[in-house]
Number of protein chains: 2
Amino acid sequence: MSAEDGRSSQMLRAVLQLRERLLAGGFTPGERVAELTLAPLLGVSRTPLRLALGVLEHEGLLRMLPSGGFVVRDFTTADIEDAIELRGVLEGTAARMAAERWKDARALQPMQAAVTAMDALADAGMTDFAGYVAQNEQFHAALLALAASPMLKRALAQATALPFASPSAFVRAQGEQAESQRVLVIAQDQHRCILDAISKHEGARAEALAREHARLARRNLDAALRNRAMLGAVPGAALLRPMQEDIAHARSA
Amino acid sequence: MSAEDGRSSQMLRAVLQLRERLLAGGFTPGERVAELTLAPLLGVSRTPLRLALGVLEHEGLLRMLPSGGFVVRDFTTADIEDAIELRGVLEGTAARMAAERWKDARALQPMQAAVTAMDALADAGMTDFAGYVAQNEQFHAALLALAASPMLKRALAQATALPFASPSAFVRAQGEQAESQRVLVIAQDQHRCILDAISKHEGARAEALAREHARLARRNLDAALRNRAMLGAVPGAALLRPMQEDIAHARSA
DNA sequence: CGGATAGGTATTGCATGCAATTTTTCATTA
DNA sequence: TAATGAAAAATTGCATGCAATACCTATCCG
């Protein structure tokens with residue numbers, strides 16, 4: 001996408017292009033991705049493409065067949081719910097570690113800054129939605145940095161590699177809902193409370209709050225499943241197993 | 001090393017061989033692993049070797065250089081502690097999910113069987129240590145199966161890929177300590193309590209117990225760090241970043 | 001008419017050659 | 001002596017050809 005793609009490695013270019021196509025719904029779940037088909041499509045040779053397929057398999061977007069080759073993975077709503085729950089558990093751990101470990105109060109500043117910035121954006125009427133998303137990501141990055149645990153960072157990176165498990169996956173979709181204002185008020189209060197708990201070394205409280213904070217995304221998922229238009233704004237929604245939606249629809253009368 | 005290696009892919013063979021060498025201390029942390037050096041050593045070509053290096057990087061045993069190539073990763077004691085803590089968090093989540101989700105009591109049977117088997121082995125005087133380790137792994141596998149969450153399974157697989165983070169990493173080393181009997185009694189009681197909590201749908205209790213159970217490994221780590229002979233029994237100990245004592249020792253030499 | 005089997009096609013996995021880049025080494029100079 | 005620079009050596013990343021394997025199809029037999 002960016003001009004720099006040409007400079008970076010062929011493999012990275014393949015990863016970026018293929019990931020984008022996957023999330024945009026360029027493939028149907030379960031479909032086999034053939035190297036010889038993809039290579040000319042992405043403008044790379046088979047060797048770096050193979051590497052890229054391995055990366056995407058590790059991310060969870062592809063699945064390797066025992067007989068060789070890869071297929072596009074599909075996700076059930078239960079998968080997404082568990083992925084969100086898992087992120088909550090890991091971010092909860094990050095919050096607890098942050099609360100337990102920080103020494104110098106200045107370390108809390110980045111997190112404080114993100115909260116303040118989001119407050120300002122909320123007061124301004126939430127016109128700059130992209131800015132809010134960016135600050136939200138800043139908050140989560142600051143949280144992870146405070147935990148000061150490379151191992152946890154790695155685990156969280158893997159857990160949020162699935163697009164719908166990312167902290168800002170459904171925030172974008174929220175912008176299209178009338179209810180979004182209320183949800184964002186709640187989310188922002190949780191941000192404040194998490195920061196408060198961390199600043200007071202209240203590890204258990206910080207953990208519980210961060211977990212519940214992630215569950216906001218779960219609520220948004222449920223809302224999105226009832227609203228086709230909203231689901232379109234969620235990246236990777238195309239990988240949802242089709243039948244599952246209808247079953248959930250019929251069941252949730 | 002098994003006879004099947006010849007039948008499986010070159011890449012898998014490279015992964016197994018290289019992983020074994022890494023854990024056995026065949027490389028020094030920070031050392032660069034050159035493809036052209038390794039390829040003839042492992043008896044594979046560069047192409048599958050490259051794939052294998054990627055796998056081991058995902059596992060965390062290697063680190064990719066920005067300029068290309070891989071180096072052997074080193075771990076601090078803090079890394080190991082966090083890896084164990086992380087496993088505790090994830091197994092705690094598995095225990096909680098297991099407690100919350102099971103419907104048919106027969107699903108608990110594998111876990112019950114593992115606990116019973118370990119009880120029997122303990123009553124028999126703990127002569128069959130390998131058997132105990134196997135049953136311990138059975139217990140953890142049953143726990144993960146009960147959680148019924150592919151996402152969590154994936155995360156736990158990644159977290160326990162690091163050798164010293166595995167549930168049975170220090171159990172082996174325990175066999176060489178006089179204190180081991182007491183520790184194993186505690187561990188076995190925790191197994192029983194976790195099963196009890198799960199069987200009663202006591203999610204929070206099951207989670208807390210599983211976390212603390214993992215922390216037994218942390219205690220064993222501390223013991224191992226004070227006992228060089230014991231540390232030798234821990235796979236991957238060779239990847240520990242030399243401690244400050246050792247640096248001081250080397251200086252004086 | 002259904003199932004099995006053989007043949008053909010397509011696809012993967014692997015080896016190797018080549019170019020580009022990095023790293024190292026060594027000589028030179030301030 | 002330390003820093004600088006260039007040249008050489010080594011290493012990676014990539015493309016492509018080939019063999020082995022899996023998949024699909026069509027035919028044959030029960």
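Just so it is clear: chains get the letters A, B, ... in the order the sequence lines come, proteins before strands, and each one is counted from 1.
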Using whole Å, report how far CZ of B:R32 lies from P of C:dT22. 11 Å
Which nucleotide wins on minimum distance to the side chain of B:S67, given the candidates D:dG13, C:dT22, C:dT12? C:dT22
Which pairs with one or both residues in residues 50-64 of chain A pass side chain to side chain donor-acceptor pair (under 3.5 Å), sequence neighbours excluded? A:R19-A:E59, A:E35-A:R50, A:H58-A:Q158, A:H58-B:Q158
The reported gap from OG1 in B:T77 to CZ in B:R241 (rounded to nearest 0.5 angstrom) is 9.5 Å
Separation of atom CG in B:L38 from atom C1' in D:dT11, rounded to whole Å: 13 Å
What's the CG-C1' distance between A:L65 and C:dT11, to the nearest Å? 12 Å
Which heavy atom of B:T160 sits nearest to which heavy atom of B:P167, and what is that distance? CG2-CD, 4.1 Å
Round to a whole Å and report the spacing from CD of A:E35 to P of D:dG17. 16 Å
More than 12 heavy atoms of other residues, nucleotides or ligands under 6.0 Å from CD of B:E31: is that the case? yes
Just the table, please: protein N/O against nucleotides 14-16 of chain C N/O, every pair under 3.5 Å.
from	atom 1	to	atom 2	distance (Å)
C:dC14	OP1	B:Q10	N	2.6
C:dA15	OP1	B:Q10	NE2	3.3
C:dA15	OP2	B:S45	N	3.1
C:dA15	N7	B:T47	OG1	2.9
C:dT16	O4	B:T47	OG1	3.0

Can you measure A:L36 atom CG to C:dG13 atom C1' for me and round it to whole angstrom units? 12 Å
Could you grab the distance from atom CZ of A:R87 to atom CG of A:D82, nearest 0.5 Å is fine? 13.5 Å
What is the separation between atom CE on B:M64 and atom P on C:dT22, rounded to the nearest whole Å? 13 Å
Do you know which two heavy atoms are closest between B:A169 and B:P235, and how far apart they sit? O-CD, 4.1 Å
